[in-house]
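Here the structure is laid out as C-alpha coordinates; the discussion comes afterwards.
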Amino acid sequence: MKWALTLVTAAYLSALLVAAAVVVLLSPEAGPAGWPPGLFVVAVADLMATAVVFAWSLAFRNASFYDPYWSVAPPVIGLYWWGLVGFPLDARVLLALGLVGLWSVRLTLNWAQGWQGLPHEDWRYRNLQQQTGRWYGLVSLLGIHGFPTVLVFVGCLPLYVVLAGAGGPLNPVDLIALSVGLGALALETRADLQLHRFRAGAAAAGGETSGRLLQDGVWAWCRHPNYLGEIGFWVALGLFGWAAGGSLVWTFAGALAMTGLFLGISIPMIEGKLLADKRGYDRYCERVPRLLPYGVLKRGK
(Lines give C-alpha, C1' and ligand atoms only; values in the text may rest on other atoms or scores of the structure.)
Protein backbone atom coordinates (compact mmCIF):
# COMPACT_ATOMS: atom_id res chain seq x y z
CA MET A 1 0.00 0.00 0.00
CA LYS A 2 2.82 2.44 0.88
CA TRP A 3 4.52 1.63 -2.41
CA ALA A 4 1.29 2.33 -4.28
CA LEU A 5 0.86 5.70 -2.56
CA THR A 6 4.49 6.49 -3.38
CA LEU A 7 3.79 5.82 -7.06
CA VAL A 8 0.70 8.03 -7.03
CA THR A 9 2.71 10.78 -5.31
CA ALA A 10 5.40 10.46 -7.98
CA ALA A 11 2.73 10.70 -10.68
CA TYR A 12 1.38 13.95 -9.26
CA LEU A 13 4.81 15.45 -8.69
CA SER A 14 5.66 14.78 -12.34
CA ALA A 15 2.32 16.33 -13.37
CA LEU A 16 3.10 19.36 -11.22
CA LEU A 17 6.52 19.74 -12.86
CA VAL A 18 4.96 19.68 -16.33
CA ALA A 19 2.35 22.22 -15.26
CA ALA A 20 5.09 24.43 -13.81
CA ALA A 21 7.00 24.22 -17.09
CA VAL A 22 3.91 25.42 -18.95
CA VAL A 23 3.57 28.35 -16.54
CA VAL A 24 7.23 29.27 -17.12
CA LEU A 25 6.98 29.02 -20.91
CA LEU A 26 3.69 30.90 -21.28
CA SER A 27 3.17 34.42 -20.04
CA PRO A 28 0.05 35.14 -17.97
CA GLU A 29 -1.27 37.27 -20.84
CA ALA A 30 -1.05 34.39 -23.34
CA GLY A 31 -4.25 33.12 -24.88
CA PRO A 32 -7.14 34.12 -27.11
CA ALA A 33 -8.14 37.74 -27.29
CA GLY A 34 -10.44 38.74 -24.48
CA TRP A 35 -9.24 36.09 -22.02
CA PRO A 36 -8.31 37.60 -18.63
CA PRO A 37 -4.65 37.18 -17.60
CA GLY A 38 -3.83 33.80 -16.10
CA LEU A 39 -6.81 31.85 -17.40
CA PHE A 40 -5.37 30.40 -20.60
CA VAL A 41 -2.03 29.42 -19.04
CA VAL A 42 -3.84 27.59 -16.22
CA ALA A 43 -6.13 25.83 -18.70
CA VAL A 44 -3.14 24.59 -20.72
CA ALA A 45 -1.14 23.60 -17.62
CA ASP A 46 -4.20 21.80 -16.24
CA LEU A 47 -4.68 19.77 -19.41
CA MET A 48 -0.97 18.93 -19.68
CA ALA A 49 -0.88 17.77 -16.06
CA THR A 50 -3.94 15.62 -16.75
CA ALA A 51 -2.14 14.08 -19.73
CA VAL A 52 0.77 13.14 -17.46
CA VAL A 53 -1.56 11.45 -14.96
CA PHE A 54 -3.25 9.67 -17.88
CA ALA A 55 0.16 8.34 -18.96
CA TRP A 56 0.66 6.90 -15.45
CA SER A 57 -2.82 5.39 -15.62
CA LEU A 58 -1.92 3.70 -18.90
CA ALA A 59 1.43 2.48 -17.61
CA PHE A 60 -0.16 0.76 -14.60
CA ARG A 61 -3.49 -0.03 -16.30
CA ASN A 62 -5.40 1.68 -13.54
CA ALA A 63 -7.49 4.79 -14.25
CA SER A 64 -7.91 5.38 -10.51
CA PHE A 65 -4.54 7.15 -10.65
CA TYR A 66 -6.69 10.12 -11.68
CA ASP A 67 -9.05 10.03 -8.68
CA PRO A 68 -7.05 12.43 -6.42
CA TYR A 69 -6.77 14.98 -9.25
CA TRP A 70 -10.26 16.26 -8.48
CA SER A 71 -9.21 17.42 -5.01
CA VAL A 72 -5.56 18.44 -5.48
CA ALA A 73 -5.90 20.63 -8.59
CA PRO A 74 -8.09 23.48 -7.20
CA PRO A 75 -5.71 24.61 -4.42
CA VAL A 76 -2.78 24.62 -6.88
CA ILE A 77 -4.81 26.66 -9.37
CA GLY A 78 -5.89 29.02 -6.61
CA LEU A 79 -2.33 29.53 -5.37
CA TYR A 80 -1.13 30.42 -8.87
CA TRP A 81 -3.91 32.97 -9.35
CA TRP A 82 -3.27 34.34 -5.87
CA GLY A 83 0.40 34.88 -6.71
CA LEU A 84 -0.56 36.47 -10.01
CA VAL A 85 -2.34 39.29 -8.15
CA GLY A 86 0.43 39.68 -5.55
CA PHE A 87 -0.80 37.47 -2.68
CA PRO A 88 -3.26 40.01 -1.22
CA LEU A 89 -4.31 39.32 2.39
CA ASP A 90 -7.88 40.22 1.63
CA ALA A 91 -10.60 38.79 3.90
CA ARG A 92 -12.73 37.32 1.11
CA VAL A 93 -9.65 35.88 -0.60
CA LEU A 94 -8.48 34.20 2.60
CA LEU A 95 -11.93 32.81 3.34
CA ALA A 96 -12.34 31.38 -0.16
CA LEU A 97 -8.83 29.93 -0.33
CA GLY A 98 -9.20 28.56 3.20
CA LEU A 99 -12.43 26.80 2.24
CA VAL A 100 -10.74 25.29 -0.83
CA GLY A 101 -7.81 24.14 1.31
CA LEU A 102 -10.07 22.46 3.90
CA TRP A 103 -12.11 20.79 1.16
CA SER A 104 -8.98 19.58 -0.62
CA VAL A 105 -7.39 18.06 2.48
CA ARG A 106 -10.63 16.38 3.54
CA LEU A 107 -11.40 14.87 0.14
CA THR A 108 -7.81 13.75 -0.53
CA LEU A 109 -7.55 12.05 2.87
CA ASN A 110 -10.88 10.36 2.27
CA TRP A 111 -9.60 9.04 -1.07
CA ALA A 112 -6.38 7.78 0.56
CA GLN A 113 -8.36 6.02 3.28
CA GLY A 114 -10.59 4.26 0.79
CA TRP A 115 -7.99 3.35 -1.83
CA GLN A 116 -6.72 -0.22 -1.56
CA GLY A 117 -3.60 0.00 -3.72
CA LEU A 118 -2.75 -0.69 -7.34
CA PRO A 119 -4.97 -3.79 -7.68
CA HIS A 120 -7.94 -1.56 -6.78
CA GLU A 121 -9.68 0.38 -9.55
CA ASP A 122 -13.02 2.14 -9.44
CA TRP A 123 -15.71 -0.33 -10.55
CA ARG A 124 -17.17 2.29 -12.88
CA TYR A 125 -13.93 2.43 -14.87
CA ARG A 126 -13.87 -1.34 -15.19
CA ASN A 127 -17.45 -1.33 -16.40
CA LEU A 128 -16.54 1.29 -19.02
CA GLN A 129 -13.60 -0.83 -20.13
CA GLN A 130 -15.89 -3.82 -20.64
CA GLN A 131 -18.45 -1.73 -22.49
CA THR A 132 -16.06 0.16 -24.80
CA GLY A 133 -13.46 -2.53 -25.55
CA ARG A 134 -10.67 -1.28 -27.83
CA TRP A 135 -11.97 2.29 -27.55
CA TYR A 136 -11.40 2.35 -23.82
CA GLY A 137 -8.09 4.25 -24.08
CA LEU A 138 -9.84 7.17 -25.79
CA VAL A 139 -12.79 6.96 -23.40
CA SER A 140 -10.39 7.04 -20.46
CA LEU A 141 -8.46 10.03 -21.83
CA LEU A 142 -11.52 12.11 -22.69
CA GLY A 143 -14.13 10.87 -20.25
CA ILE A 144 -12.37 9.69 -17.09
CA HIS A 145 -9.46 12.17 -17.20
CA GLY A 146 -10.22 15.10 -19.51
CA PHE A 147 -13.90 15.77 -18.81
CA PRO A 148 -13.55 16.06 -15.00
CA THR A 149 -10.50 18.31 -15.43
CA VAL A 150 -12.57 20.71 -17.54
CA LEU A 151 -15.40 20.61 -14.99
CA VAL A 152 -13.08 21.38 -12.09
CA PHE A 153 -11.47 24.24 -14.04
CA VAL A 154 -14.91 25.74 -14.68
CA GLY A 155 -15.75 25.20 -11.02
CA CYS A 156 -12.68 27.23 -10.04
CA LEU A 157 -13.68 30.27 -12.10
CA PRO A 158 -15.41 32.03 -9.17
CA LEU A 159 -12.13 31.70 -7.29
CA TYR A 160 -10.49 33.69 -10.09
CA VAL A 161 -13.23 36.32 -9.73
CA VAL A 162 -12.56 36.55 -5.98
CA LEU A 163 -8.80 36.93 -6.48
CA ALA A 164 -9.09 39.40 -9.35
CA GLY A 165 -11.46 41.54 -7.28
CA ALA A 166 -9.39 41.47 -4.09
CA GLY A 167 -9.90 44.48 -1.87
CA GLY A 168 -13.65 44.70 -1.95
CA PRO A 169 -15.47 44.82 1.39
CA LEU A 170 -17.22 41.77 2.79
CA ASN A 171 -21.00 41.65 2.42
CA PRO A 172 -23.86 39.38 3.56
CA VAL A 173 -23.36 37.05 0.58
CA ASP A 174 -19.87 36.21 1.92
CA LEU A 175 -21.45 35.04 5.17
CA ILE A 176 -23.91 32.89 3.24
CA ALA A 177 -21.05 31.47 1.15
CA LEU A 178 -18.98 30.59 4.22
CA SER A 179 -21.97 29.01 5.96
CA VAL A 180 -22.91 26.93 2.91
CA GLY A 181 -19.28 25.87 2.40
CA LEU A 182 -18.63 24.82 5.99
CA GLY A 183 -22.01 23.10 6.17
CA ALA A 184 -21.22 21.20 2.97
CA LEU A 185 -17.84 20.07 4.31
CA ALA A 186 -19.44 18.97 7.58
CA LEU A 187 -22.08 16.96 5.69
CA GLU A 188 -19.52 15.29 3.43
CA THR A 189 -17.29 14.45 6.37
CA ARG A 190 -20.11 12.96 8.40
CA ALA A 191 -21.37 10.94 5.43
CA ASP A 192 -17.91 9.55 4.67
CA LEU A 193 -17.15 8.69 8.31
CA GLN A 194 -20.44 6.83 8.61
CA LEU A 195 -19.72 4.97 5.38
CA HIS A 196 -16.21 4.00 6.54
CA ARG A 197 -17.58 2.76 9.89
CA PHE A 198 -20.26 0.76 8.07
CA ARG A 199 -17.67 -0.94 5.87
CA ALA A 200 -15.26 -1.50 8.77
CA GLY A 201 -18.04 -3.07 10.84
CA ALA A 202 -18.87 -5.46 8.04
CA ALA A 203 -15.19 -6.39 7.63
CA ALA A 204 -14.76 -6.95 11.38
CA ALA A 205 -17.76 -9.26 11.34
CA GLY A 206 -16.11 -11.26 8.58
CA GLY A 207 -18.62 -10.22 5.98
CA GLU A 208 -18.91 -7.86 3.07
CA THR A 209 -21.16 -4.86 2.50
CA SER A 210 -22.69 -6.60 -0.51
CA GLY A 211 -26.37 -7.12 0.18
CA ARG A 212 -26.34 -4.82 3.20
CA LEU A 213 -27.62 -1.26 3.16
CA LEU A 214 -26.43 1.85 5.02
CA GLN A 215 -29.54 3.83 5.89
CA ASP A 216 -28.72 5.46 9.22
CA GLY A 217 -27.45 8.92 10.16
CA VAL A 218 -27.25 11.35 7.25
CA TRP A 219 -27.93 8.42 4.92
CA ALA A 220 -31.47 8.48 6.32
CA TRP A 221 -31.79 12.12 5.20
CA CYS A 222 -31.06 11.47 1.53
CA ARG A 223 -29.56 8.68 -0.52
CA HIS A 224 -26.44 10.63 -1.55
CA PRO A 225 -25.40 13.02 1.25
CA ASN A 226 -21.79 13.00 0.04
CA TYR A 227 -22.82 14.31 -3.38
CA LEU A 228 -25.11 16.86 -1.77
CA GLY A 229 -22.17 18.13 0.27
CA GLU A 230 -19.97 18.23 -2.83
CA ILE A 231 -22.53 20.30 -4.71
CA GLY A 232 -22.76 22.60 -1.69
CA PHE A 233 -19.01 23.25 -1.80
CA TRP A 234 -19.10 24.36 -5.45
CA VAL A 235 -22.19 26.49 -4.77
CA ALA A 236 -20.26 28.14 -1.91
CA LEU A 237 -17.41 29.01 -4.29
CA GLY A 238 -19.96 30.49 -6.68
CA LEU A 239 -21.42 32.57 -3.87
CA PHE A 240 -17.97 33.94 -3.00
CA GLY A 241 -17.53 34.90 -6.65
CA TRP A 242 -20.95 36.55 -6.70
CA ALA A 243 -20.10 38.44 -3.51
CA ALA A 244 -17.00 39.74 -5.32
CA GLY A 245 -19.15 41.13 -8.13
CA GLY A 246 -18.89 38.31 -10.65
CA SER A 247 -21.59 37.59 -13.21
CA LEU A 248 -23.94 34.65 -12.77
CA VAL A 249 -22.30 32.80 -15.68
CA TRP A 250 -18.78 33.14 -14.25
CA THR A 251 -19.76 32.30 -10.72
CA PHE A 252 -22.33 29.51 -10.99
CA ALA A 253 -21.46 27.70 -14.25
CA GLY A 254 -19.22 25.32 -12.31
CA ALA A 255 -21.82 24.49 -9.66
CA LEU A 256 -24.43 23.84 -12.37
CA ALA A 257 -22.00 21.63 -14.29
CA MET A 258 -21.17 19.63 -11.14
CA THR A 259 -24.85 19.18 -10.36
CA GLY A 260 -25.47 17.97 -13.89
CA LEU A 261 -22.56 15.49 -13.61
CA PHE A 262 -23.81 14.02 -10.35
CA LEU A 263 -27.50 13.90 -11.28
CA GLY A 264 -26.96 12.80 -14.88
CA ILE A 265 -24.04 10.38 -14.61
CA SER A 266 -22.60 9.60 -11.18
CA ILE A 267 -25.79 8.96 -9.19
CA PRO A 268 -27.58 6.93 -11.91
CA MET A 269 -24.50 4.68 -12.26
CA ILE A 270 -24.29 4.10 -8.51
CA GLU A 271 -28.01 3.52 -8.10
CA GLY A 272 -28.05 1.08 -11.00
CA LYS A 273 -25.39 -1.00 -9.27
CA LEU A 274 -27.01 -0.74 -5.84
CA LEU A 275 -30.39 -1.80 -7.19
CA ALA A 276 -28.71 -4.96 -8.43
CA ASP A 277 -26.53 -5.60 -5.36
CA LYS A 278 -28.46 -4.43 -2.31
CA ARG A 279 -31.59 -6.12 -1.08
CA GLY A 280 -34.30 -3.62 -0.25
CA TYR A 281 -32.67 -0.71 -2.09
CA ASP A 282 -35.82 -0.14 -4.12
CA ARG A 283 -37.82 0.28 -0.89
CA TYR A 284 -35.08 2.59 0.45
CA CYS A 285 -35.49 4.72 -2.71
CA GLU A 286 -39.23 4.96 -2.13
CA ARG A 287 -38.72 6.11 1.47
CA VAL A 288 -35.66 8.38 1.24
CA PRO A 289 -35.19 11.23 -1.30
CA ARG A 290 -32.33 11.06 -3.75
CA LEU A 291 -30.53 14.32 -2.98
CA LEU A 292 -32.51 17.04 -1.19
CA PRO A 293 -33.42 15.94 2.37
CA TYR A 294 -36.96 17.29 2.25
CA GLY A 295 -38.12 14.37 4.40
CA VAL A 296 -36.03 15.73 7.29
CA LEU A 297 -37.65 19.12 6.90
CA LYS A 298 -41.12 17.56 7.01
CA ARG A 299 -40.28 15.54 10.14
CA GLY A 300 -38.91 18.67 11.77
CA LYS A 301 -42.23 20.50 11.50
Side-chain angles (χ1 to χ4, degrees), residues 28-29 31 34-43 46 70-108 148-191 225-263 291-293 297:
E29 290 75 22
W35 278 50
L39 275 189
F40 180 77
V41 62
V42 166
D46 206 8
W70 182 281
S71 57
V72 300
V76 176
I77 291 172
L79 286 174
Y80 171 74
W81 284 337
W82 192 26
L84 198 62
V85 295
F87 297 107
L89 299 179
D90 174 74
R92 181 181 294 116
V93 166
L94 295 179
L95 288 175
L97 288 176
L99 181 66
V100 170
L102 287 174
W103 167 84
S104 175
V105 170
R106 192 213 71 80
L107 193 55
T108 305
T149 290
V150 173
L151 283 185
V152 170
F153 176 79
V154 174
C156 288
L157 290 179
L159 192 57
Y160 181 90
V161 174
V162 169
L163 292 163
L170 293 177
N171 59 60
V173 179
D174 290 298
L175 179 59
I176 297 173
L178 183 62
S179 300
V180 170
L182 293 178
L185 294 187
L187 177 61
E188 283 188 290
T189 301
R190 187 172 175 184
N226 45 358
Y227 282 130
L228 178 60
E230 187 68 11
I231 291 171
F233 165 76
W234 295 105
V235 168
L237 273 192
L239 287 169
F240 273 123
W242 196 25
S247 68
L248 290 176
V249 173
W250 271 79
T251 55
F252 292 110
L256 287 173
M258 297 295 178
T259 303
L261 170 68
F262 297 145
L263 289 177
L291 200 61
L292 295 178
L297 298 176

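Please read all numbers here as calculations on a predicted model, not as lab measurements.
- Smallest separation of non-hydrogen atoms from Y80 and V42: CD2-CG2, 3.3 Å.
- Across every non-hydrogen atom of V85 and A164, the tightest pair is CG1-CA, 4.5 Å.
- P148 has its side chain out of reach of F153: every pair of non-hydrogen atoms, C-beta onward, lies at least 4.5 Å apart.
- Judged by distance alone, the side chain of S179 and the main-chain N or O of L175 form a donor-acceptor pair under 3.5 Å.
- To the nearest 0.5 Å, the span separating CG on D46 from OG1 on T149 amounts to 5.5 Å.
- A donor-acceptor pair is defined here as one N or O able to donate and one able to accept, closer than 3.5 Å; no such pair exists between the side chain of N226 and the backbone of E188.
- A side-chain N or O of T108 and one of S71 form a donor-acceptor pair less than 3.5 Å apart.
- The shortest non-hydrogen separation linking G168 to D90 is O-OD1, 3.8 Å.
- Of all heavy-atom pairs spanning L151 and A257, the tightest one is CD2-CB, 3.5 Å.
- Remark: L256 CG to L261 CG distance equals 12.5 Å, nearest 0.5 Å.
- Closest of all the heavy-atom pairs between A184 and G232 is CB-C, 3.7 Å.
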> Would R92 and N171 count as a side chain to side chain contact (heavy atoms under 4.5 Å, CB included) if you check the C-alpha gap in whole Å, the side-chain angles of each, and the deciding distance to 0.1 Å?
Replying inline: CA-CA 9 Å; R92 181 181 294 116; N171 59 60; 3.4 Å; yes
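- Here the CZ atom belonging to F233 is positioned 5.0 Å from the CG atom belonging to L99, to the nearest 0.5 angstrom.
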>> Apply side chain to side chain contact (heavy atoms under 4.5 Å, CB included) to residues V152 and W234 and explain how you reach the verdict.
In response: CA-CA 9 Å; V152 170; W234 295 105; 4.2 Å; yes
> Run the side chain to side chain contact (heavy atoms under 4.5 Å, CB included) check on W81 and L39 step by step: do they pass?
Replying inline: CA-CA 9 Å; W81 284 337; L39 275 189; 3.5 Å; yes
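- The distance from atom CG of L182 to atom OG1 of T189, rounded to the nearest 0.5 Å, is 10.5 Å.
- Within the 4.5 Å cutoff, the side chain of P293 has heavy atoms near those of the L228 side chain.
- Pairing each heavy atom of G238 with each of F252, the nearest pair is C-CE2, 3.6 Å.
- The shortest distance between side-chain heavy atoms of Y160 and P37 falls below 4.5 Å.
- The neighbour count for W250 CH2, taken as heavy atoms of other residues, nucleotides or ligands under 6.0 Å away, is above 12.
- Atom CG of L97 and atom CG of L159 lie 5.5 Å apart (nearest 0.5 Å).
- T251 contributes atom OG1, which lies 8.0 Å from atom CG of L239 (distance to the nearest 0.5 angstrom).
- A donor-acceptor contact shorter than 3.5 Å is absent between the side chain of R106 and the backbone of L185.
- The backbone N or O of L163 sits nowhere less than 3.5 Å from a side-chain atom of W82 that would complete a donor-acceptor pair.
- Checking E230 against W103 by side-chain atom types alone, a donor-acceptor pair falls below 3.5 Å.
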